[in-house]
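Step one of this worksheet: look at the structure below.
Basis for what follows: all heavy atoms, side chains included, without hydrogens, waters or symmetry-related copies.
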Amino acid sequence: MAKKLVIKVTAGADAPERCSQAFTLAAVAAASGVEVSLWLTGESSWFALPGRAAGFELPHAAPLPDLIETIRAVGRITLCTQCAARRDITEEDVIEGVRIAGAQVFLSEVVEDGAQALVY
């Protein structure tokens with residue numbers, strides 16, 4: 001098993017099953033003791049804002065706010081710098097504990113020894 005799992009989620013409400021799969025995998029991995037870094041890009045960027053995850057619904061899927069809380073408790077959530085800028089999202093706007101960082105930080109995470117990267 002990978003020592004670190006870096007998951008980039010590009011989908012949001014526009015592709016709910018893909019979005020939910022990414023958050024579910026990240027939460028299960030984090031709860032299982034795997035080091036998790038979840039990157040919010042594209043339409044998933046909106047879930048970095050307080051209350052936005054509560055409006056996401058997918059039948060038979062765990063509630064997105066619960067998954068986010070599990071990931072935040074033991075992992076890291078990062079919002080893409082460019083994605084944030086395109087949506088006028090700033091550090092002051094995001095959920096506590098969510099950082100904004102760019103491609104160089106993502107790259108440094110995915111090339112670490114023992115890291116496995118997945119993109120949804």
Side-chain angles (χ1 to χ4, degrees):
M1 184 181 287
K3 295 178 185 169
K4 181 175 186 176
L5 192 56
V6 182
I7 301 171
K8 179 185 275 193
V9 56
T10 62
D14 59 326
E17 288 184 306
R18 191 162 33 112
C19 176
S20 180
Q21 289 170 0
F23 280 92
T24 299
L25 180 64
V28 169
S32 299
V34 175
E35 182 182 349
V36 172
S37 177
L38 180 70
W39 282 74
L40 305 177
T41 66
E43 286 304 301
S44 71
S45 300
W46 296 114
F47 298 127
L49 298 174
R52 283 294 183 102
F56 180 87
E57 292 184 18
L58 182 63
H60 309 291
L64 201 55
D66 295 349
L67 297 174
I68 289 171
E69 285 310 306
T70 298
I71 299 162
R72 279 188 344 131
V74 292
R76 164 166 264 162
I77 299 177
T78 305
L79 172 59
C80 162
T81 301
Q82 290 181 14
C83 299
R86 281 190 281 275
R87 291 160 179 80
D88 294 321
I89 300 172
T90 67
E91 295 269 349
E92 293 79 32
D93 299 323
V94 299
I95 298 167
E96 184 179 335
V98 172
R99 69 177 175 167
I100 298 177
Q104 70 281 10
V105 177
F106 178 76
L107 179 62
S108 71
E109 288 188 12
V110 299
V111 298
E112 285 179 19
D113 286 339
Q116 172 69 50
L118 300 172
V119 178
Y120 283 88

**OP:** Using side chain to side chain contact (heavy atoms under 4.5 Å, CB included) as the criterion, list what pairs up with A48, not counting sequence neighbours.
**Re:** L40, L79, V94, V98
Please determine whether residues [X] and [Y] belong to a single hydrophobic cluster, defined as Ile, Leu, Val, Met, Phe, Trp and Tyr linked transitively by side-chain heavy-atom distances below 4.5 Å.
X: F56; Y: V28; result: no
X: L107; Y: V6; result: yes
X: F106; Y: L118; result: no
X: L49; Y: V9; result: yes
X: I100; Y: I77; result: yes

Identify the two heavy atoms, one from [X] and one from [Y], that lie closest to each other, and give their separation to 0.1 Å.
X: I71; Y: A26; result: CD1-CB, 3.6 Å
X: L58; Y: P16; result: CD2-O, 3.6 Å
X: A31; Y: T70; result: CB-CG2, 4.3 Å
X: I95; Y: F47; result: CD1-O, 3.5 Å
X: A11; Y: S44; result: O-CB, 3.2 Å
X: G12; Y: D14; result: N-OD1, 2.7 Å

To the closest 0.5 Å, what do you measure between [atom1] ([X]) and [atom2] ([Y])?
X: E109; Y: I7; atom1: CD; atom2: CD1; value: 11.5 Å
X: D93; Y: R87; atom1: CG; atom2: CZ; value: 13.5 Å
X: E112; Y: K3; atom1: CD; atom2: NZ; value: 11.0 Å
X: T41; Y: R86; atom1: OG1; atom2: CZ; value: 9.0 Å
X: R76; Y: W39; atom1: CZ; atom2: CH2; value: 9.0 Å
X: L64; Y: F23; atom1: CG; atom2: CZ; value: 5.0 Å

Subject >> N/O donor-acceptor pair under 3.5 Å between T24 side chain and Q21 backbone >> reply: no
